[in-house]
Asker: 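What follows is a single structure, and I will ask about it in a moment.
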Amino acid sequence: MPERSRRPRLVLVDGHGLAYRAYHALPPTLATSAGEPTHVVFGFASMLLEVLNDFEPDYVIVCFDTGRSFRQQLYEEYKAHRPETPDDLKHQLERIRQLLDALGIPIVTREGYEADDLIGTLAARATANGLEVLIVTGDTDLLQLVDEDVRVILPGRQRFGDYRVYDRQAVIERYGFPPERLPEYKALVGDPSDNIPGVPGIGEKTATRLIQRFSSLEEMLDRIDEVEPPRLREALRAARETVLASRRLATIVRDADITLDLEQARFGDFDRERVLQLFRELEFRSLVPRLPQPRQPVRKTAAPASQRRAVLTDADLSDLVRDLETCQAFALDVETTALHPMYADLVGIALATAPDRSYYVPLGHTTGDTQLDIEQVLQRLAPFLRHPEKQRYAHHGKYDALVLERAGFPRPHIDFDTMIAAYLLGENAVGLKELAFTKLGWEMEEITELIGRGKKQLTMDRAEIARVTQYACADVEATYRLVEVLRPQLEAHNQLRLFTEIELPLIDVLIDMEKAGIAIDVPYLEQLSIMLDGQLHALERRIYELAGHPFNINSPQQLSTLLFDELGLPRGKRTKTGYSVSQEVLENLRDTHPIVEAILEYRQLLKLKSTYVDALPRQVHPQTGRVHTIFHQTVAATGRLSSSDPNLQNIPARGELGLAVRRAFIADNRPGYRIADEPILLLSVDYSQIELRLMAHFSQDPALLRAFAEGKDIHAATASEVFGVPLDAVTPEMRRIAKVVNFGIMYGMQAYGLARDTGMSRQDAQRFIEAYFQRFPGVARYLEETRRRAAELGYVETLFGRRRYLPEITSSNPARRQAAERMAVNMPLQGTAADIMKLAMIAVHRALAERGLRSRMLLQVHDELVLEVPESELATTTELVTTRMSRVVELSVPLEVDAKAGPNWADLEPVRVKLSH
DNA sequence: ACCCGGACGTA
DNA sequence: CGTACGTCCGGGTT
């Protein structure tokens, strides 16, 4: 659309104002992987880029404050109580200056003036020269500058990146009076942050009323007898001089001693590469597409001058094979039709035999070009996929390997996975495109540029081969290069063993588990669904009856209106959007109205039904007849696995109904599906108290070590210690409390939480925790030492060197610092348990294969392994799994495991095995 | 068609 | 105001 001719436009940015606002408005969670805080720079940059894009200014200037301004000379107390700029903000202000420099935007400061005054002056000069002015700030004081030619842009209240533009009308709507009267308003109300006193008894409402009533402050003071109510008159009279002085302080200067240099302020051809370099250092990949387009279009490219070929003929294929024969390492990647590897069809294979030499082998494109026969490709490529003298690189190789295997290829062995490497290094974003940007400086084509998005998104097989070749080749080239960058970083972090002895070998184990899937009893779940339907309908009718009318029980909003407005029940906690109707709140309202009980039951039932009973049957794979979860290796901050599509790590385990759902997971005895021609059982083996045992090991606390060495019931033993009674005098109630404490300690729980969970008073809870630490002084020391180390290093680590970075561990905000401390205390325990389980899985996998057993692992639920086992192998497999699990590492305490077996996941009986310790 | 908060399932 | 996850739903926005 052709741009209508318009007046030249100047954007003036209040540098400090915007940065301060970002500092306070944004959660200080954003940091680079190295721990450099960046949330202020990010907020500043995203707002600036947004404005540059939306308003396409011809000129841009940023103003900053200098030390003291004339206001301090006028009034000693001005901004007197403002604390020193915190260090993390100072550092980010420097980063902002670097950004502005790279963008070619001049910074204006002047001794004796605040940024406000410089902006006021520049705005006045600019409008006098016929320019249109936009002021970007985080400070509402600037709104007084709004007039016919000047608008002010403030960050949104909800999202910082959004903004609101104030013209004259918008100011009047917000305040009830025009912009030029804002200094009077501020003089009346006062401003604690500037230490401007204001008039006692005058708040926002009264000030607005007075300003509307009188045309100026002078008039107000002249006709002070008309001020209502009378008691205000006295206050106003007494504050007369202060108010007039305050107005002077609050009025922005428009004739400071500076000139407007428009030539210097012209915005346009900045050094894009410098900005990108800075964004890379700050890990701001999401801002890259929002950089204003320079005059000449940028070529989105990966490696400079690389050779990329589509493999379409026998001759092409022979060239590729020749290359594969001579190279020592190659990167591989597959293009497919879906994100779930069990549902993805192979569309093509990309291979890079060198960082600047890549091939794309199309196999399943529906578009016109010739494609080679898959059988032929398979024959020629197969020898390289597991070749012991070749190194195979991939980004998320688990996915590629499973897709290739399902397509008939030998499963490739992955020798380096860039996604896992980046995860171990603590990168915030482990996607290939993100890494290519932050580690290599490559701007890569997004998948949506190739196949579009939303409703009109193509599947990969419908995209043009030539374009997919460019896209896929860029990916493998990036992968190849990333290996060269990431490997030395893993070495520098001492994480090469963690990588090659735990994470990489685990890939094959997880592929086997994902591929195996687990059987569920679909007819049983369908029956259960019908039964729950009846119960839900009955509950629904009862709830509507008690409410007096139908409403949406699932809507927290509607429920809140009903409970608190219509039924008048006592309100509890607040949420951002209203009053909480959480389980916790409702539990407390149980006795006030019968509807509460019914709602709680309804919620639980619906959740179970929709998430499990109804959803699971839909996820049975049409070919295998089982459900296949995806195990994610690079998601959890502690090193645990996670599971999705469906999540099989949160199948209900408690309550009658929970167990009913769990009962649907069955040992697969269907003919044609069973793994052996005999009855099949599920075997579940889990670690007993592994995290508490690790606590004993790490802390070397004598009492805790002794309790585990003697094989005691740990919660009862804890109760006996802390309550000071013999073991056989511990009551169930004492044990229950000790159990809450044992878990709470590992999560950094405080008295408040203990009191809430046990029902004891805050004081009792406090005393109890103190007693605990007195009885287990090693634990107290260990927790303290962990926090100290975390603060010193900026990260914590597991027994095997897995790290978690905690940039907020030194935050000056106590709540945020304490949150980081709780993570610091928990991660080494949870993470080491995860490491141990992963090692055990690798050992079990290997042992089952070596012994030629048909038993196989199906699920991992953090401290539990679920296997399917032919009945005749039960004793052998149980013995094998339990010994591998308990002996995978040598700790100061024994690692005990429990084994149970049965026809389904709910009805399991202990399996007795002889364990030779 | 997407994103978010609130709620709730697991270890 | 104890840790770590994923999924459902409603309700807001594109």
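Residue numbers begin at 1 in each chain, while the letters A, B, ... track the order of the sequences. Not measured: the values here are computed from a predicted model.
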Asker: Would you mind reading off the distance between A/D863 atom CG and B/dT10 atom P, rounded to a whole angstrom?
Answerer: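 In whole Å, B/dT10 P lies 14 Å from A/D863 CG.
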Asker: Could you go through A/R590 and A/E597, starting from their C-alpha distance and side-chain angles, then the distance that decides it, and tell me whether this counts as salt bridge (charged side-chain N to carboxylate O under 4.0 Å, His left out)?
Answerer: CA-CA 6 Å; A/R590 262 224 160 97; A/E597 182 78 42; 2.6 Å; yes
Asker: Please state how far atom CD1 in A/I553 lies from atom P in B/dA7, giving the value in whole angstrom units.
Answerer: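 Between P of B/dA7 and CD1 of A/I553: 15 Å.
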Asker: Does the side chain of A/Q583 get closer than 4.0 angstrom to OP1 or OP2 of B/dC8 through an N or O atom?
Answerer: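 Yes, within the criterion.
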Asker: Check this for me: does any side-chain nitrogen of one of A/D533 and A/K609 sit under 4.0 Å from a carboxylate oxygen of the other?
Answerer: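 Looking at A/D533 and A/K609, the cut-off is met.
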Asker: For the C1' atoms, the ones on B/dC4 and on C/dG2, what distance do you get once it is rounded to whole angstrom?
Answerer: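 The same atom, C1', in both gives a distance of 25 Å.
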Asker: For the pair made of CE in A/M746 and P in B/dA11, what is the distance, rounded to whole Å?
Answerer: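 Taking CE of A/M746 and P of B/dA11, I get 14 Å after rounding.
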Asker: Walk along nucleotides 4-14 of chain C from 5' to 3' and tag each nucleotide B, S or - by protein heavy-atom contact under 4.0 Å, base first, then sugar-phosphate.
Answerer: BSSBBSSS---
Asker: Who are the side-chain hydrogen bond (donor to acceptor under 3.5 Å, both in side chains) partners of A/R626, not counting sequence neighbours?
Answerer: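 Residues passing side-chain hydrogen bond (donor to acceptor under 3.5 Å, both in side chains) with A/R626: A/D668, A/E868.
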Asker: Is it true that A/D565 and A/R571 make a salt bridge, defined as a side-chain N closer than 4.0 Å to a carboxylate O?
Answerer: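 Looking at A/R571 together with A/D565, the answer is yes, because their closest N to O distance falls below 4.0 Å.
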Asker: If the threshold is 4.0 Å, N to carboxylate O, is there a salt bridge linking A/K838 and A/D835?
Answerer: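 No.
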Asker: Determine the contact category for A/Q818: base if any of its heavy atoms lies under 4.0 Å from a base atom, sugar-phosphate if only primed atoms, P, OP1 or OP2 are that close, otherwise nothing.
Answerer: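 Touches nothing.
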Asker: Please tell me if A/R603 has a side-chain N or O lying less than 4.0 Å from either OP1 or OP2 of B/dC8.
Answerer: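 Indeed, a polar side-chain atom of A/R603 lies that close.
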Asker: Using a cut-off of 4.0 Å on non-hydrogen atoms, how would the nucleic acid contact of A/E864 be classed: base, sugar-phosphate, or nothing?
Answerer: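 Touches nothing.
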Asker: Let me know the distance between CD of A/E601 and P of B/dA7, rounded to the nearest Å.
Answerer: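 Distance check: A/E601 CD to B/dA7 P gives 19 Å.
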Asker: Does a salt bridge link A/E503 with A/R802, judged by any charged N lying under 4.0 Å from a carboxylate O?
Answerer: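 A salt bridge links A/E503 with A/R802.
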Asker: Whole angstroms only, please: what is the CG-P distance between A/L829 and B/dA11?
Answerer: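 Checked: the CG to P distance equals 18 Å.
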Asker: Rounded to the Å, how far apart are A/K609 NZ and B/dG9 P?
Answerer: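 Answer to the nearest Å: 16 Å.
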Asker: Is A/D713 salt-bridged to A/R735, cutoff N-O under 4.0 Å?
Answerer: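 Salt bridge present between A/D713 and A/R735.
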Asker: Can a donor-acceptor pair be found, under 3.5 Å and without considering hydrogens, that links the side chain of A/T634 to the backbone of A/I420?
Answerer: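 A pair under 3.5 Å: no.
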Asker: Distance check needed: B/dA11 P versus A/Q689 CD, whole Å only.
Answerer: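 Atom CD in A/Q689 sits about 13 Å away from atom P in B/dA11.
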Asker: In whole Å, I'd like the distance from the CD1 atom of A/I836 to the P atom of B/dA11.
Answerer: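 Going from A/I836 (CD1) to B/dA11 (P), I get 19 Å.
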Asker: List in numerical order all residues of residues 748-775 of chain A for which some heavy atom is under 4.0 Å away from an atom belonging to DNA chain C.
Answerer: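 Under 4.0 Å from DNA chain C: A/M749, A/Q750, A/Y752, A/G753, A/R756, A/D757.
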Asker: If only side-chain N and O atoms of A/R822 are considered, is one of them under 4.0 Å from the OP1 or OP2 phosphate oxygen of C/dG2?
Answerer: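 It does not, given that no N or O in the side chain of A/R822 lies less than 4.0 Å from OP1 or OP2 of C/dG2.
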Asker: Salt-bridged, A/R788 to A/E785, with N to O below 4.0 Å?
Answerer: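 Salt bridge flag = yes for A/E785 with A/R788.
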